[in-house]
Amino acid sequence: MKITLLCVGKLKEKYLKQGIDEYSKRLSRYCKLEIIEVADEKAPENMSASEEEQVKGKEGEKLSKYIKENTYVIALAIDGKQLSSEELADKISELGVRGNSHIVFIIGGSLGLSDEILKNAHQKLSFSKMTFPHQLMRMILLEQVYRGFRIINGEPYHK
Ligand SMILES: C[S@@+](CC[C@H](N)C(=O)[O-])C[C@H]1O[C@@H](n2cnc3c(N)ncnc32)[C@H](O)[C@@H]1O
């Protein structure tokens with residue numbers, strides 16, 4: 001199975017880089033992992049709502065270039081559907097069985113994802129009602145995907 005993380009913005013924090021490297025290494029046993037970053041647009045304070053939409057739209061266009069056919073697209077969104085770790089594992093497993101062996105997770109930038117990206121995704125996934133910084137979200141997602149593969153394979157993992 002191939003897993004792509006499609007992200008707006010660069011990963012800058014060293015401590016997060018270390019965590020992401022660790023989970024990428026662990027995941028290499030289970031899937032082919034690819035992390036793609038697209039540049040974020042400048043988003044100064046005090047932008048109007050329409051300016052914010054423009055920023056998200058431009059970022060969305062950059063993301064779209066990397067969304068290929070025959071992939072299952074999961075957009076991370078606060079108002080998406082919440083899943084337990086077991087349910088995420090089931091989803092990954094089900095997609096693998098159905099032959100959708102390429103999942104693309106999309107993480108937005110500081111303003112979130114464009115309506116277009118959210119509308120076209122197969123699923124919107126929420127990790128809670130709280131807002132996480134996009135760089136941290138990347139690591140949390142990788143940990144949950146790793147946990148998912150451990151669950152699928154019936155392998156022990158700390159509770
Ligand atoms: C800083 S957040 C964006 C906040 C923005 N105000 C919004 O409502 O989307 C950056 C990205 O991280 C992801 N994210 C942050 N918190 C999340 C959560 N609780 N569940 C799912 N994704 C989340 C989303 O992809 C979001 O676009």
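Counting starts at 1 for both ligands and their atoms, in listed order.
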- Does Ala75 come within less than 4.0 Å of ligand 1, judged by its heavy atoms? no

Leu125 heavy atoms within 4.0 Å reach ligand 1 at atoms 21 (C)

Taken to the nearest 0.5 Å, the spacing of Gln135 CD from Ile20 CD1 works out to 7.5 Å

Here the atoms of ligand 1 under 4.0 Å from any heavy atom belonging to Ile107 are 12 (O), 25 (O)

| query | Does a side chain donor of either Gln144 or Ser85 reach within less than 3.5 Å of an acceptor in the other side chain? | reply | yes

Of all protein heavy atoms, the one nearest atom 13 (C) of ligand 1 is Met137 CG, 3.7 Å

among protein heavy atoms, the one nearest atom 10 (C) of ligand 1 is Gly109 O, 3.1 Å

One finds that the ligand 1 atoms under 4.0 Å from a non-hydrogen atom of His134 are 10 (C)

Here the gap from Ile92 atom CD1 to Phe149 atom CZ, rounded to the nearest 0.5 Å, amounts to 5.0 Å

Q.
For the residue pair Arg147 and Tyr157, would you count it as a cation-pi contact if the rule is NZ or CZ under 6.0 angstrom from the ring centre and within 45 degrees of the ring axis?
A. no

Residue, atom and distance of the protein heavy atom nearest atom 2 (S) of ligand 1 read Phe132 O, 3.5 Å

Nearest non-hydrogen protein atom to atom 25 (O) of ligand 1, with distance, is Leu76 O, 2.6 Å

The atoms of ligand 1 lying under 4.0 Å from a heavy atom of Met130, numbered in the order shown, are 16 (N), 17 (C), 18 (C), 19 (N)

Ligand 1 atoms nearer than 4.0 angstrom to some heavy atom of Leu111 are 5 (C)

Lys81 meets the salt bridge (Lys or Arg N to Asp or Glu O under 4.0 Å) criterion, sequence neighbours left out, with none

Output for pair (Ile103 CD1, Ile74 CD1), nearest 0.5 Å, gives 5.5 Å

Closest to atom 20 (N) of ligand 1 among protein heavy atoms sits Phe127 N, 2.9 Å

From CA spacing to verdict: salt bridge (Lys or Arg N to Asp or Glu O under 4.0 Å), Arg138, Glu13: CA-CA 12 Å; Arg138 221 188 273 196; Glu13 303 291 346; over 6 Å; no

Value for CD (Glu116) from OG (Ser64), rounded to nearest 0.5 Å, stands at 7.0 Å

Quick note on ligand 1: atoms under 4.0 Å from a heavy atom of Gly112 include exactly 3 (C), 5 (C), 9 (O), 27 (O)

heavy-atom search around atom 8 (O) of ligand 1 in the protein gives Ile78 CD1, 3.8 Å

If you compare Gly108, Ser126, Pro133, Ser110 by their heavy atoms, the one closest to atom 4 (C) of ligand 1 turns out to be Ser110

*Going by atom types only, do His134 and Ser110 share a side-chain donor-acceptor pair under 3.5 Å?*
no

